[in-house]
Amino acid sequence: MMKKRVIWLISGINRRMMKLLIALALIAYIASVWGTYTSMRTIQENGELQIERKIEEVIAPLREKIRDLEVSFTQKYPPVKFLSEKDRKRILLTGGAGFVGSHLADKLMMDGHEVTVVDNFFTGRKRNVEHWIGHENFELINHDVVEPLYIEVDQIYHLASPASPPNYMYNPIKTLKTNTIGTLNMLGLAKRVGARLLLASTSEVYGDPEVHPQSEEYWGHVNPIGPRACYDEGKRVAETMCYAYMKQEGVEVRVARIFNTFGSRMHMNDGRVVSNFILQALQGEPLTVYGSGSQTRAFQYVSDLVNGLVSLMNSNVSSPVNLGNPEEHTILEFARLIKDLVGSRSQIQFLPEAQDDPQRRKPDITKAKMMLGWEPVVPLEEGINKTIHYFSKELEYQANNQYIPKPKQARIKKGRPRHN
Ligand SMILES: O=C(O)[C@H]1O[C@H](OP(=O)(O)OP(=O)(O)OC[C@H]2O[C@@H](n3ccc(=O)[nH]c3=O)[C@H](O)[C@@H]2O)[C@H](O)[C@@H](O)[C@@H]1O
């Protein structure tokens with residue numbers, strides 16, 4: 001009996017112990033599971049944190065780059081005036097990536113207009129207008145004006161044509177097509193959309209002049225079959241077309257007779273006297289004077305011309321207007337001046353004179369002064385110094401590929417051989 005009680009007591013204790021032990025084991029188990037869970041969570045959280053940190057390390061510089069891009073994107077354009085809808089014009093600028101055209105594009109853009117530049121890039125360069133690409137007021141179209149163009153515009157500045165003698169003589173048929181068919185196309189567009197058209201004509205319509213200085217009344221002295229005829233006669237007929245469209249169709253036209261112009265953005269291969277002399281002087285090469293150097297020219301700086309073109313377009317003068325600087329120099333004087341301003345020790349080399357080269361040229365700008373209130377304001381030396389600075393930079397830019405203008409005659413394209 002006693003034994004039974006003892007056994008019962010012990011087994012009672014054991015049962016309690018067992019329960020206690022089981023409870024303890026359970027608690028220990030739960031604790032260990034919780035521990036594992038929490039440590040796993042910590043590892044996971046740490047891992048996530050590390051991944052986030054790594055991602056941040058990669059993203060941060062990208063984010064900074066995007067910010068820089070956004071800043072440069074919004075700040076990269078020159079300041080543009082705000083014009084109300086009423087005053088803002090839609091302007092087409094043919095040859096707008098060229099030397100004069102790109103400076104005109106700058107002025108029109110900065111004045112707050114919507115500008116569409118059309119260029120076939122024969123002598124124009126994208127580089128000349130790249131600072132406007134992407135601007136909401138600016139459009140660049142790779143197009144040859146020999147083909148029709150259908151856009152809506154209020155004004156057309158028609159500058160498209162090679163202007164330097166070696167360039168326009170390179171492909172005389174193309175020069176003729178550009179100035180004739182190209183001008184017809186632009187006049188057709190002007191008629192269709194009711195736009196005003198300004199033709200960039202030239203002092204070359206006076207040919208080798210027998211009247212000096214040349215006023216707008218002078219009819220000119222042009223050899224119609226000489227090497228310059230493709231340009232001279234091309235521009236003369238372009239003027240004729242303008243006045244035919246004005247009289248017959250009521251198109252509003254403006255005609256600027258542009259005299260020798262120089263400045264930044266002239267092409268290194270341009271071949272005209274200013275770029276040739278400056279590049280030759282900068283590189284210590286002989287300055288190539290064609291003929292005796294006694295022929296004369298009067299040179300205007302490009303910013304003066306651009307102001308004159310805009311004044312003429314917005315005037316009520318529909319007859320031709322000379323735009324040029326009347327300060328006349330012989331080409332030899334000019335060679336010496338450039339040599340001095342560059343501080344160059346280059347020699348002056350005399351080469352055979354160019355065929356049909358105009359012997360004297362100087363604009364009479366009375367009409368522009370009276371009717372437009374315009375006259376050139378940039379002194380010759382100041383303009384030349386700016387241009388010397390521009391060409392020095394161009395030479396640096398092309399340091400590994402320097403170009404020395406060669407005194408070569410225009411390249412004449414030969415006809416294709418006939419097969420039968
Ligand atoms: O500069 C311009 O705006 C004008 O240039 C040219 O007319 P041109 O006067 O013959 O221009 P250049 O080729 O610069 O020649 C000017 C004078 O310098 C001479 N020249 C030219 C280049 C050279 O290396 N050496 C040299 O003595 C020429 O024989 C000419 O007598 C174009 O035909 C015109 O359309 C344009 O308006």
Side-chain angles (χ1 to χ4, degrees), residues 95 98-101 103 123 159-170 172 175 178-179 199-209 214 220 222 226-236 238 256-263 265-281 285-302 304-306 308-309 322-325 328-339 346 348-363 376 383 387 404-410:
F99 155 54
V100 173
H103 284 286
T123 56
L159 273 62
S161 171
S164 147
N167 286 337
Y168 68 61
M169 290 182 208
Y170 170 68
T175 302
T178 304
N179 282 297
L199 171 72
S201 185
T202 170
S203 57
E204 295 232 11
V205 298
Y206 302 124
D208 187 3
Q214 296 78 51
V222 172
R228 301 175 88 99
C230 57
Y231 185 69
D232 300 7
E233 298 290 16
K235 288 290 188 187
R236 283 168 71 94
R257 291 190 179 149
I258 302 172
F259 283 66
N260 295 62
T261 306
F262 70 98
R265 302 197 190 141
M266 288 185 95
H267 202 289
M268 303 248 287
N269 299 6
D270 184 277
R272 274 178 281 190
V273 72
V274 181
S275 46
N276 275 8
F277 284 177
I278 293 179
L279 282 167
Q280 289 160 341
E285 292 291 314
L287 272 63
T288 52
V289 170
Y290 303 159
S292 65
S294 60
Q295 70 271 38
T296 67
R297 292 294 186 274
F299 295 95
Q300 74 180 324
Y301 192 63
V302 65
D304 282 333
L305 171 62
V306 162
L309 290 172
N322 286 342
L323 294 178
N325 189 326
E328 186 184 6
H329 290 277
T330 68
I331 293 303
L332 189 55
E333 280 167 6
F334 199 61
R336 292 196 181 117
L337 176 66
I338 289 187
K339 202 166 104 80
S346 293
I348 290 181
Q349 184 185 13
F350 292 90
L351 294 173
E353 79 173 64
Q355 193 189 331
D356 291 351
D357 196 9
Q359 289 308 295
R360 294 188 78 188
R361 190 188 282 164
K362 167 185 166 158
T387 314
I404 300 166
K406 296 281 181 293
K408 59 176 180 253
Q409 294 301 312

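Owing to the predicted nature of the structure, the values given are computational and were not obtained by experimental measurement. Both counts, for ligands and for their atoms, begin at 1 and track the order of listing. Along the sequence shown, residues are numbered consecutively beginning with 1. Side-chain atoms are counted along with the backbone in the values below, which use heavy atoms only and exclude waters and symmetry mates.
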Please tell me if the side chains of Val273 and Phe299 come closer than 4.5 Å, counting only heavy atoms from C-beta onward.
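A side-chain contact exists here, since the closest heavy-atom pair is under 4.5 Å.
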
Tell me, do Thr330 and Thr296 make a side-chain contact under 4.5 Å, heavy atoms counted?
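Thr330 vs Thr296: side chains touch.
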
Is any NZ, NE, NH1 or NH2 atom of the basic residue among Asp208 and Arg228 found under 4.0 Å from an Asp or Glu carboxylate oxygen of the other?
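No, no charged N to carboxylate O under 4.0 Å.
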
Under-4.0 Å salt bridge between Glu233 and Arg236:
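Salt bridge flag = yes for Arg236 with Glu233.
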
Hey, which residues fall under 4.0 Å of ligand 1 on heavy atoms?
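Residues near ligand 1: Ala163, Pro165, Tyr168, Thr202, Glu204, Arg228, Tyr231, Ile258, Phe259, Asn260, Thr261, Gly271, Arg272, Val273, Asn276, Phe277, Thr288, Val289, Tyr290, Gln295, Arg297, Ile331, Asp357, Arg361.
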
Asp232 vs Asp356, side-chain contact (heavy atoms from CB on, under 4.5 Å): CA-CA, chis, key distance, verdict:
CA-CA 11 Å; Asp232 300 7; Asp356 291 351; over 6 Å; no

If the condition is side-chain contact (heavy atoms from CB on, under 4.5 Å), which residues does Thr123 pass it with, not counting sequence neighbours?
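Thr123 satisfies side-chain contact (heavy atoms from CB on, under 4.5 Å) with Pro162, Asn167 only.
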
